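Shown next, in structure tokens, is the structure this report addresses.
On a predicted model such as this, the values are computed, not experimentally measured, just so you know.
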Amino acid sequence: MVLGISLCHTGAMAQEAHGADVIPLHAIVVGHDTIPVITLAIFDVVEKMPKALRKERERWSRLRNAVYVTYPYARSAAKVLKDVNSSMVNMNKRERKAFLATKEKELKAQFGDKLENLSVYQGKVLMKLIDRETGQNCFEIIKELKGGFNARVWQTVAFFFGGNLKSEYDKQEDKDIEVIVQELEMYQHYRAYN
């Protein structure tokens, strides 16, 4: 039942409610009385979060953010790697080198600035996700496409930043990443890449 609130004085007639004077309320009728009912938002009163739980929440939030930022790049890397491998099947060494140089320029133009702005932590997560999506760690991919010397050089650079291009994705060890990836894949636009 919706009522209009109106003012009433003893000995006077009730005023008629007009447009802005009406406030719709839910009400219940008890006997001859009409009682307005207002439902307030439910909230929990809890004590301050324990330090250990707060640290875990910060760790989870950081990881979740890193996966959300880097997962699209890992999906793109898997797609590009699949296209490159299928394109290079019938190429000789010279054609292959020219094709890779062209593809590298395209990828730098498309992703260069974005990948350079990743944090070291996001880079480590990206390496894990690339291994998850391609089945190869980053060291193997670089070695296959650019040669063993380049792979060792980039492994040394990664080592100085606390990373490892040979790091592999393990569903047990990286179960938190897997949970976040599953959350991401529930969104329809990631399924379109399959």
TODO: Indicate whether the side chain of Y169 and that of E178 have a donor and an acceptor atom separated by less than 3.5 Å.
DONE: yes
Open item on the list: I want to check something: taking the side chain as every heavy atom from C-beta on, are Y71 and V125 in contact at a cut-off of under 4.5 Å?
Closed with: no
Task: Heavy-atom pair of closest approach, residues T134 and A78 - done: CG2-CA, 3.7 Å
Task: D83: salt bridge (charged side-chain N to carboxylate O under 4.0 Å, His left out) partners, not counting sequence neighbours - done: none
TODO: Flag yes if F139 and V153 sit in one hydrophobic cluster, no otherwise; membership is Ile, Leu, Val, Met, Phe, Trp, Tyr, and two members link when side-chain heavy atoms are under 4.5 Å apart.
DONE: no
Open item on the list: Please find the pair of heavy atoms, one from L126 and one from Y73, that lie closest to each other, and give the distance.
Closed with: CD1-CB, 3.9 Å
- [ ] Under the side-chain contact (heavy atoms from CB on, under 4.5 Å) rule, collect the residues that match up with K51, sequence neighbours excluded.
- [x] R54, K55
Task: Of K128, K79, R75, the residue whose pairing with E133 passes side chain to side chain contact (heavy atoms under 4.5 Å, CB included) - done: R75
- [ ] Report the distance from atom CG of L81 to atom OG of S76, rounding to the nearest 0.5 Å.
- [x] 12.0 Å
TODO: Please determine, by modelled atom types, if Y68 and Q122 share a side-chain donor-acceptor pair under 3.5 angstrom.
DONE: no
Task: Salt-bridge present (D176, R64; N to O < 4.0 Å) - done: no
TODO: Please check if V120 and M127 belong to a single hydrophobic cluster, counting links between Ile, Leu, Val, Met, Phe, Trp and Tyr side chain heavy atoms closer than 4.5 Å.
DONE: yes
Open item on the list: Could you measure the distance from the CD1 atom of I180 to the CG atom of D174? Nearest 0.5 Å is fine.
Closed with: 10.5 Å
Task: salt bridge (charged side-chain N to carboxylate O under 4.0 Å, His left out) against E168, all qualifying residues, sequence neighbours excluded - done: none
- [ ] Give, for atom CZ of R57 and atom CZ of R59, the distance between the pair rounded to the nearest 0.5 Å.
- [x] 13.5 Å
Open item on the list: Using a 3.5 Å distance criterion without hydrogens, assess whether the side chain of N65 forms a donor-acceptor pair with backbone atoms of S61.
Closed with: no
